[in-house]
Enquirer: 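Right, I'll just put the structure down here and ask away after.
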Protein chains: 2
Amino acid sequence: MTTLLGVPEVVIDRLPIYARALAMLEMQGRQVVSSQELGAELGVTPAQIRKDLSYFGRFGKQGRGYNVQRLAAELKGILGLDREWRMVLVGVGNLGRAILSYRGFAEEGFRIVAAFDRNADTIGETFDGVEVQSIANLPRFLKDNPVQVGIVAVSAAGAQEVVDTLVANGVRGILNYAPIALHVPPGTRAKDIEPVLALQSMTYYLKGATS
Amino acid sequence: MTTLLGVPEVVIDRLPIYARALAMLEMQGRQVVSSQELGAELGVTPAQIRKDLSYFGRFGKQGRGYNVQRLAAELKGILGLDREWRMVLVGVGNLGRAILSYRGFAEEGFRIVAAFDRNADTIGETFDGVEVQSIANLPRFLKDNPVQVGIVAVSAAGAQEVVDTLVANGVRGILNYAPIALHVPPGTRAKDIEPVLALQSMTYYLKGATS
DNA sequence: CCGTGTGAACAAATTCACAGCC
DNA sequence: GGCTGTGAATTTGTTCACACGG
């Protein structure tokens, strides 16, 4: 039981995985689950689940396990998933359009409220109900509208400048699809979505295999 | 200096980041770089870079640093990026189509050689030069063609079955876009691409912020 | 004098193992 | 008897600090 501010980031990164599994169990009508079962499902040790949860409280009952509905709700609360989050997308090329059409964000309460691009051909067009604005409008938009997360889907060359604009206008969460290491000030969170990097480390292990 | 088989996975996961930065420096015509500079660029300590590299050899020169071209080539060799990798895509919905149209894979030597879906309306259509086949063809295709990686872009409900088919037919690398924890046997590598999970842990830190 | 490579020191994360409660 | 919650033990990963070569 450490102070709330001191929860290791690896723990925080696992909580959404637990939350997702619990939501699934909840849908299946499951009432109770043990750390044993949850761990088997997720490929995690039961002790790790119990330890992770212990940072935030005592949610289980000895001899029984965890109430699925209760724990699911607790985790949502801890993570801040009991509210809607507003995001802007910057970069509406191929990748940006795919992001706009992806239903998974909205389903989990992450709403893309505006999209920006610098390409004159794209500005003014509408994709999945979002009209693309000039990137010149981005600072004003951020001043006038609450936005918590910026999705960066521009090229590596343009990404840092976009991030600087987002950060300068109060956006403290960045979801980065550009293939570059971003620089963000303390207090800002950036997460990289990098399928190519994932493949490039996987190949190390596949090298030795047949085929 | 540990045995090659014992390199920690976290180290392997960082190598592609180094490789990418070095490729960039190389394009800029840079000859030499120190762990200091590289670390500043990537937000990593110089000691960590040196330690990571020391698992594989001695690539630097005291007092000088690393030859950019040489180190870039070494890392590519270590990771197995000096060859082409063949992948199949399973699931050609919205997400699958976005993956097919993504140029980033091919640019780094990862080629999607076939795509499969179970939806009769989609089978036979062509996206970005790849014709969609019935998922019933998947086992035969894998027997007849060398494929190292399977990209899973089906729903959570269908993902495990797809993975089982891939694994049963010799695919040892899985790039998973489905929002579920997969079960794979030892010797198989699975990596999850999960933008929603990334957002859901980010919100923990954003909760307290203004706006 | 600069920067690598690396044991040694340290810090972080995971797992163990068991007391306590249902 | 079953399973949580948690200190203690262990393992894993990171950083230090310096001998050595250029």
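Treat the numbers as computed from the prediction; the structure is a model and nothing was measured. Chain naming here is simple, since letters A, B, ... match the order of the sequence lines and numbering starts at 1 in each. Hydrogens, waters and symmetry mates are skipped; everything else that's a heavy atom, side chains included, is used.
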Enquirer: Looking at B:Arg20 and A:Glu194, is there a salt bridge between them, counting it only when a charged N and a carboxylate O are closer than 4.0 Å?
Expert: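 Salt bridge between A:Glu194 and B:Arg20, a charged N being under 4.0 Å from a carboxylate O: yes.
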Enquirer: For the pair made of CG in A:Asn67 and C1' in D:dC3, what is the distance, rounded to whole Å?
Expert: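 Going from CG in A:Asn67 over to C1' in D:dC3 covers 15 Å.
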Enquirer: How many Å lie between CG on A:Leu71 and P on D:dT4, as a whole number?
Expert: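 Atom CG in A:Leu71 sits about 11 Å away from atom P in D:dT4.
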Enquirer: Summarise how protein sits on nucleotides 13-22 of chain C as a single string, 5' to 3': B when a protein heavy atom is under 4.0 Å from the base, S for sugar-phosphate-only contact, - for no contact.
Expert: SSBBB--BBB
Enquirer: Any idea how B:Phe56 and A:Tyr204 line up, ring-wise: parallel (<30°), tilted (30 to 60°), or perpendicular (>60°)?
Expert: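 Taking A:Tyr204 first and then B:Phe56, their aromatic rings stand perpendicular (interplane angle over 60°).
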Enquirer: Side-chain donor-acceptor contacts of residues 35-45 of chain B below 3.5 Å, not counting sequence neighbours, with atom names and distances?
Expert:
residue : atom : partner : partner atom : Å
B:Ser35 : OG   : B:Arg50 : NH1          : 3.2
B:Glu37 : OE1  : B:Arg30 : NH2          : 3.3
B:Glu37 : OE1  : B:Ser34 : N            : 2.9
B:Glu37 : OE1  : B:Ser34 : OG           : 3.2
B:Glu37 : OE2  : B:Arg30 : NH2          : 2.3
B:Thr45 : OG1  : B:Gln48 : N            : 3.2

Enquirer: Starting at CZ of A:Phe59 and ending at P of D:dG5, how long is that distance when rounded to a whole Å?
Expert: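 The distance from CZ of A:Phe59 to P of D:dG5 comes to 8 Å, rounded to the nearest Å.
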Enquirer: Is the shortest distance from a Lys or Arg side-chain nitrogen in B:Arg14 or B:Asp52 to a carboxylate oxygen in the other one below 4.0 Å?
Expert: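 Salt bridge: yes.
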Enquirer: Look at the side-chain N and O atoms of B:Ser35 and state whether any lies under 4.0 Å from the OP1 or OP2 oxygen of C:dG3.
Expert: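 B:Ser35 to C:dG3 OP1/OP2: no side-chain N or O under 4.0 Å.
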Enquirer: Would you call A:Arg118 and A:Glu161 a salt bridge, using N to O less than 4.0 angstrom?
Expert: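 A:Glu161 and A:Arg118: not salt-bridged.
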Enquirer: So, A:Asp13 versus B:Ser201: side-chain donor-acceptor pair below 3.5 Å or not?
Expert: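 Side-chain D/A pair, A:Asp13 to B:Ser201: present.
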Enquirer: Taking CZ from B:Arg58 and P from D:dC20, how many angstroms apart are they, rounded to a whole number?
Expert: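 Those two atoms, CZ and P, are 12 Å apart.
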Enquirer: If I take atom CD in residue A:Glu37 and atom C1' in nucleotide D:dC3, what distance separates them, rounded to the nearest angstrom?
Expert: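 Value for this atom pair: 11 Å.
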Enquirer: Between P on D:dC3 and CD1 on A:Ile49, what's the gap in Å once rounded to a whole number?
Expert: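 Nearest whole value for this atom pair: 13 Å.
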Enquirer: Expressed in angstrom and rounded to an integer, what is the separation of B:Gln36 atom CD from C:dC1 atom P?
Expert: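 Interatomic distance, CD of B:Gln36 to P of C:dC1: 18 Å.
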